[in-house]
Amino acid sequence: MKKAFLLLGVVCMALFAGQAQNSLVLHPDNAGTKINKEIYGHFAEHLGRCIYGGIYVGDTSGIPNINGYRMDVVDALKDMQIPVLRWPGGCFADTYHWKDGIGPKEDRPSIVNVFWGGVTEDNSFGTHEFLNLCELLGTEPYISLNVGSGTVQEAAEWVEYVTSDNISPMTDLRKKNGRDKPWHVKYWGIGNESWGCGGDMRPEYYADLFRRYASYSKGAPFKIACGANSFDYNWTETVMERTRNKQNLMQGISLHYYTLPYNWRHKGSATDFNEKEWFTTLNKTLKMQELIDKHGAIMDKYDPRGRVGLMVDEWGSWYDVEPGTNPGFLYQQNTLRDALIAGINLNIFNNNAQRVKMANIAQVVNVLQAVILTQGDEMVLTPTYYVFKMYKVHQDAMLIPTDLTCENYELEGESMPAVNSSASVKDGVMSITLCNLNPNKEEPIELNLGTEEYKKVSAQIVTGKKMAAYNDFGKAEEVTLTEWDIKKPKNGKMNVTLPSKSVVLIQLSK
Ligand code: AHR
């Protein structure tokens, strides 16, 4: 109810276009919901150069690596504080037979990646390699089980192989493969996009399959049902209805929503776009709030106590692939527009932390809205990376409720709120993140901080000269994270001017 009121506040106030009275009123005394660190999650699929080449190069590679993992990528992900990593897919997950990826590498069979480019892969990156990577990164693993083309037994044995401390054929096999103790894997997905690439199922059929797979996935502490594609509310309704009161079986349900400037046939270029495409892409990004509201309302009906988490385990921009690259590899550049897409989505997830318990941007390296791009031994940190690095202060912080009043950003008769924000508090430090969606105009905003006096203030900014500014191999960075100079608050208020097309962080403490 409170959430709906806040949203209404933003929408109504934005209607009064022309009144340049931007303000954000913070209610730190009402901070009562934790922003799960998993909202800052990522996704690594066997797709294009995400795993092979992007994360894993093998221990005989000339690229500096630790046990085959690229050191530059590992260091960058640690620095960004990656909290959870979803694997092995995506569509790939429902073709993946995990036993192909364990044991001596020379004995592992090759497979054809039928969804992504039809390439042959040697299975040198499997369960041990993924889970050891997570340990190296200090990140929670999230494994998607194969429901589409696998069996219940195969899924149950994978959970047992990974998590069990018992004496059993699967734990013997794990020990034979060099791992004595089980790994700690909390999150398990029961299929991926079962309405599409994961088996083209109807929700009624999937709901029953979910119950069956979840029943036998003993040892999986947090089971995530395949949720809806974007605006498919019937999927959520049916799956929630048919799993109601199955508290031991379902702890989360997913939602996938990608932002495309146009449509699936013609998505638009990642770097060559005009203001209209900028506007449309950001406007579509804002739809995430509507999706959470509407899927959340259905969940409230069947789960009034809010026990089941909404896991937005695929989100981000999806453009045409870079010219000359394999269309099946989904490789795209990443500009300042993507930094705004990330900033807006993360603010929305924060503001809905009561229901949204995890979110995973697609994908971590070299695929779609990646935080990292690689080319041979070179690595580029994208504008999206810098937003994640900036926003890490919200991980496991307490959400501060806010009321945002802002003017509209208008283009060709359409309009949307020009400012987007969220705020949290952790260890006595208040963190406010703000996006200015307008690429042409700075936005002055008054921050009303409440009754506390804050003596220390610091700020950071991600912006660039052009909407399509991006970081490229062998060139100086066009978009990065820099310190931003702002004045201290006075009498519980501070005024800042958000530069056009920017994402900023303001931190305050006593
Ligand atoms: O992230 C790329 C693909 O998008 C995933 O494999 C699939 O789940 C979704 O359709």
Side-chain angles (χ1 to χ4, degrees), residues 41-52 54-55 84-96 111-119 121 125 130 142-150 187-201 203 206 210 224-232 235 239 252-260 263-265 267 270 284-285 288 291 310-322 325-334 338 341-342 345 358-373 382 384:
H42 291 258
F43 170 34
E45 180 167 11
H46 288 237
L47 196 176
R49 295 184 301 112
C50 183
I51 300 285
Y52 296 109
I55 293 174
V84 59
L85 186 60
R86 178 176 183 246
W87 174 85
C91 298
F92 177 81
D94 283 289
T95 64
Y96 185 60
I111 51 164
V112 174
N113 192 329
V114 292
F115 278 111
W116 305 118
V119 290
E121 42 180 273
F125 190 95
F130 171 65
Y142 168 13
I143 293 180
S144 290
L145 295 171
N146 178 351
V147 172
S149 70
Y187 299 109
W188 294 83
I190 310 292
N192 168 76
E193 297 197 349
S194 305
W195 37 262
C197 65
D200 202 10
M201 300 174 200
Y206 171 75
F210 170 82
I224 300 167
C226 163
N229 178 20
S230 312
F231 302 93
D232 182 358
W235 183 278
V239 174
I253 184 166
S254 70
L255 167 67
H256 288 183
Y257 177 58
Y258 285 98
T259 315
L260 286 70
N263 54 50
W264 286 103
R265 267 184 300 118
K267 301 178 196 79
K284 286 185 174 183
T285 301
M288 185 62 90
L291 286 164
L310 182 59
M311 326 298 265
V312 190
D313 60 17
E314 286 188 30
W315 67 269
S317 60
W318 195 321
Y319 308 119
D320 294 330
V321 297
E322 290 305 314
T325 64
N326 187 330
F329 281 13
L330 309 187
Y331 176 75
Q332 65 189 40
Q333 248 298 352
N334 193 295
D338 295 281
I341 293 172
N345 271 310
M358 189 197 291
N360 309 71
I361 188 170
Q363 299 192 7
V364 68
V365 185
N366 289 334
V367 172
L368 299 176
Q369 193 180 343
V371 289
I372 294 173
L373 302 176
T382 67
T384 301

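Computed over heavy atoms, backbone and side chain alike; hydrogens, waters and symmetry mates excluded. When a ligand or atom number is given, it counts from 1 through the structure's own listing order.
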**OP:** Take Ser317 and Gln332, measure what side-chain hydrogen bond (donor to acceptor under 3.5 Å, both in side chains) needs, and give me the verdict at the end.
**Re:** CA-CA 9 Å; Ser317 60; Gln332 65 189 40; 3.2 Å; yes
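- Residue-ligand proximity, Tyr258 to ligand 1, at heavy-atom distances under 4.0 Å covers atoms 1 (O), 2 (C), 4 (O).
- Closest to atom 7 (C) of ligand 1 by heavy atom, among Gln363, Gln369, Glu314, is Glu314.
- In Trp116, the part holding a heavy atom less than 4.0 Å from any atom of ligand 1 is the side chain.
- Between Trp116 and Val367 the shortest side-chain heavy-atom distance does not fall below 4.5 Å.
- Residues meeting the salt bridge (charged side-chain N to carboxylate O under 4.0 Å, His left out) test with Asp313, sequence neighbours left out: Arg86.
- Asp94 places none of its side-chain heavy atoms less than 4.5 Å from the side chain of Phe115.
- Of all atoms in ligand 1, numbered sequentially from 1 with element shown, those under 4.0 Å from a heavy atom of Asn192 are 8 (O).
- Residue-to-ligand polar distances keep His256 apart from ligand 1: every N/O pair is separated by 3.5 Å or more.
- Taking the six-membered ring where the residue is Trp, Tyr206 and Phe210 present tilted rings, their angle falling between 30° and 60°.
- Listed by atom number, the atoms of ligand 1 under 4.0 Å from Phe43 heavy atoms are 1 (O).
- In terms of polar-atom proximity, defined here as any N/O pair under 3.5 Å, Leu47 makes no such contact with ligand 1.
- Contact annotation: for Val367 versus ligand 1, there are no heavy atoms closer than 4.0 Å.
- Considering backbone and side-chain N/O atoms, Glu45 comes within less than 3.5 Å of an N/O atom of ligand 1.
- Contacts of Phe115 with ligand 1, taken as heavy-atom pairs under 4.0 Å, are absent altogether.
- Inter-residue side-chain proximity for Met201 and Cys226 is flagged as unmet; no heavy-atom pair is nearer than 4.5 Å.
- Taking every non-hydrogen atom of Leu368 and a distance limit under 4.0 Å, the qualifying atoms of ligand 1 come out as 1 (O), 2 (C).
- Ligand-side atoms of ligand 1 in range of Glu193: 7 (C), 8 (O), 9 (C), 10 (O), range being under 4.0 angstrom from any heavy atom.
- At a 4.0 Å heavy-atom cut-off, ligand 1 does not touch Phe92 at all.
- Per-residue contacts place Cys91 under 4.0 angstrom from the following atoms of ligand 1 (heavy atoms of the residue considered): 5 (C), 6 (O), 7 (C), 8 (O).
- Side chains of Asp338 and Thr384: a donor-acceptor N/O pair is absent below 3.5 angstrom, by distance only.
- Between Trp195 and Trp235, the angle of the ring planes goes over 60°, which puts this pair in the perpendicular group of the 30/60° scheme.
- The aromatic rings of Trp87 and His46 lie tilted to each other, with the angle between the two planes from 30° to 60°.
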